[in-house]
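Owing to the predicted nature of the structure, the values given are computational and were not obtained by experimental measurement.
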Amino acid sequence: MEQDTIVAIATPPGEGGLGVVRMSGPEAIAFASRLFRPVRPGPLCSYRLRYGHVVDPTSGLVIDEALLAVMRAPQSFTREDVVEFSCHGGPLPVQQTLQGCLDAGARLARPGEFTLRAFLNGRIDLSQAEATLDVIRAQTDAGLALAQAQLGGWLAREVRAVRAVLLELLAYVTVLVDFPEDEVEPQDIGPRLRTSLQTVTSLLEGANQGLVYRHGARVAIVGQPNVGKSSLLNVLLRSDRAIVTPIPGTTRDTLEETANLNGIPVVLIDTAGIHASNDLVERLGIERSRAALAQADVALLVIDASRPVEDEDLLIARLTADKPTLLVWNKLDQRDPAAPSLASLAEYLDHPRLAATVATSVATGEGLETLVQGLVQVLLGGHAPLAAGEARLVSNPRHHDALRRAHEYLAAALAGWDANDPTDLLGGDLLAALNALGEITGESVGDDLLDLIFSQFCIGK
């Protein structure tokens with residue numbers, strides 16, 4: 001652990017009401033004392049704001065009027081001495097305050113280095129450190145709730161409880177292998193293995209749902225020209241984002257906007273109508289539509305319910321056959337009551353991954369709430385949306401992978417125990433499961449992984 005003092009700007013660049021410069025390390029208070037001149041003399045007490053001026057330590061010229069907060073170790077985020085200058089939020093006063101700290105002897109912090117020090121000093125575990133970044137990046141209330149719950153340590157407590165059991169079992173198995181001549185009271189470790197496996201299984205079951213809330217999904221709205229794709233986009237966004245006209249081919253390019261659908265950040269992609277065309281610009285738009293569809297997680301296949309299904313509808317349905325698809329029969333208000341049933345038409349499409357079918361009318365609003373609910377169900381893989389106050393889901397892909405591997409090792413250990421396999425094989429599976437779970441909380445991670453994780457943070461956090 002480096003013992004130098006680091007400094008960084010902790011607020012976004014540009015103009016604002018305040019700009020914060022944060023410093024942490026053994027010399028943080030001493031360096032701040034060289035720059036800060038309080039209006040009222042006196043010691044810099046912990047957790048008390050002092051009003052004064054930041055001055056250039058060489059020339060004595062005033063840089064800015066500021067407030068200084070001091071947080072002495074270990075009662076600080078990093079468990080080191082921390083000081084924060086709250087300056088006026090213009091680029092110059094903030095930059096000059098930062099430069100003053102550097103001139104005093106501090107080093108510019110690396111991305112995420114404040115949070116890294118909090119982890120290395122034992123204030124938080126690795127899952128909580130990653131949750132800090134998730135709080136910053138949360139796009140919806142549900143995503144924020146998941147991040148805050150993980151920051152509170154629920155996942156760490158679950159993982160540590162399982163690891164404590166596995167450590168005891170590993171110690172028992174190790175004694176049996178290394179000291180076979182000693183008399184060790186026999187234990188039936190099967191029930192404890194089963195309980196540990198059930199806990200990991202439970203964590204994994206909600207992981208796919210949690211990942212959707214954290215990362216969101218890309219949904220491509222596809223169909224022929226003039227079936228109502230852009231109108232549907234506007235309704236889902238609750239904003240007139242796309243131009244809508246009765247003229248087919250109005251949309252010539254893809255348009256992406258993010259909507260909050262029941263707590264899920266969904267990137268909706270309005271695409272140009274896919275059909276045969278000799279128009280060069282329109283053909284380029286159609287190619288982009290195909291590319292957007294290929295990169296999407298889910299397709300909204302929109303078909304005009306007021307006219308018979310056409311060959312081009314079948315072609316577009318085939319283009320969406322490799323991904324979950326929600327079939328949207330739009331313009332329900334214009335449909336002839338004597339036309340064939342929509343159910344029979346959906347069977348005629350013969351889509352291999354048709355997840356749901358919804359009939360809508362953008363003009364009247366009919367079916368739109370059902371469409372949103374159906375899309376959310378598809379995105380969540382059939383799981384119910386998060387209930388109010390429910391926020392305990394694994395939402396980090398790295399944690400999901402570690403739990404998956406721990407599950408495999410625990411399942412193998414349990415099967416081996418039930419089959420009376422050699423004890424040393426059981427010990428190997430237990431150790432591998434322990435290490436996999438330790439990757440979540442940080443007990444079994446190397447410097448390379450830490451560098452990768454904290455490189456995603458902004459400087460100053």
Side-chain angles (χ1 to χ4, degrees), residues 218-236 242 244-255 268-279 282-283 285-375 377-379:
R218 295 176 64 83
V219 176
I221 307 173
V222 296
Q224 288 200 68
N226 209 32
V227 296
K229 300 186 299 299
S230 297
S231 297
L232 191 58
L233 173 76
N234 289 341
V235 168
L236 293 175
V244 176
T245 75
I247 304 171
T250 300
T251 302
R252 295 295 189 98
D253 201 351
T254 58
L255 176 63
L268 298 169
I269 311 165
D270 185 21
T271 65
I274 300 175
H275 68 118
S277 175
N278 294 321
D279 184 286
E282 195 169 23
R283 285 166 59 189
I286 292 170
E287 287 303 313
R288 293 193 177 187
S289 297
R290 290 173 176 260
L293 176 59
Q295 297 171 4
D297 301 298
V298 175
L300 283 186
L301 173 57
V302 185
I303 298 180
D304 188 340
S306 68
R307 66 191 187 198
V309 174
E310 301 174 351
D311 290 342
E312 286 180 321
D313 294 317
L314 298 176
L315 169 64
I316 300 169
R318 287 195 292 271
L319 292 176
T320 65
D322 65 339
K323 62 183 76 262
T325 300
L326 190 65
L327 174 58
V328 182
W329 297 105
N330 194 32
K331 301 188 180 181
L332 194 60
D333 57 309
Q334 301 177 29
R335 180 172 172 76
D336 185 350
S341 70
L342 294 177
S344 65
L345 292 176
E347 291 180 2
Y348 176 62
L349 288 176
D350 191 28
H351 196 292
R353 299 193 64 184
L354 191 61
T357 302
V358 182
T360 66
S361 169
V362 174
T364 66
E366 182 178 359
L368 294 178
E369 184 57 36
T370 302
L371 168 61
V372 172
Q373 294 174 359
L375 179 55
Q377 284 289 305
V378 172
L379 294 174

Do you know the tightest heavy-atom contact between [X] and [Y]?
| X | Y | value |
| --- | --- | --- |
| K331 | N226 | NZ-O, 2.7 Å |
| L326 | G374 | CD2-C, 4.3 Å |
| S361 | D333 | OG-OD1, 2.8 Å |
| V298 | K323 | C-CD, 4.3 Å |
| L342 | L332 | CD1-CD1, 4.2 Å |
| D297 | P324 | O-CD, 3.6 Å |

Between K229 and V362, is a side chain to side chain contact (heavy atoms under 4.5 Å, CB included) present by the stated rule, with each step listed?
CA-CA 10 Å; K229 300 186 299 299; V362 174; over 6 Å; no
Member of [options] meeting the side-chain contact (heavy atoms from CB on, under 4.5 Å) criterion with [X]:
| X | options | answer |
| --- | --- | --- |
| L268 | L236, L255, N234 | L236 |
| L293 | L319, T271, L301 | L319 |
| L233 | I269, I221, V219 | I221 |

Roughly how far, to the nearest 0.5 Å, is [atom2] of [Y] from [atom1] of [X]?
| X | Y | atom1 | atom2 | result |
| --- | --- | --- | --- | --- |
| T325 | L300 | OG1 | CG | 9.0 Å |
| L315 | E310 | CG | CD | 12.0 Å |
| H351 | L314 | NE2 | CG | 11.0 Å |
| L375 | T370 | CG | OG1 | 12.5 Å |
| L379 | R218 | CG | CZ | 13.0 Å |
| L368 | L232 | CG | CG | 7.0 Å |

Short side-chain to backbone donor-acceptor contact, T320 and A299, under 3.5 Å:
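Looks like no, no N/O pair under 3.5 Å.
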Examine distances only and state if a side-chain atom of N330 and a backbone atom of V302 form a donor-acceptor pair shorter than 3.5 Å.
no
Do other residues, nucleotides or ligands put more than 12 heavy atoms under 6.0 Å from D336 CG?
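Yes, enclosed.
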Are any non-hydrogen side-chain atoms of I316 and Q224 less than 4.5 angstrom apart?
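The answer is yes, as the side chains (C-beta and beyond) meet within the 4.5 Å cut-off.
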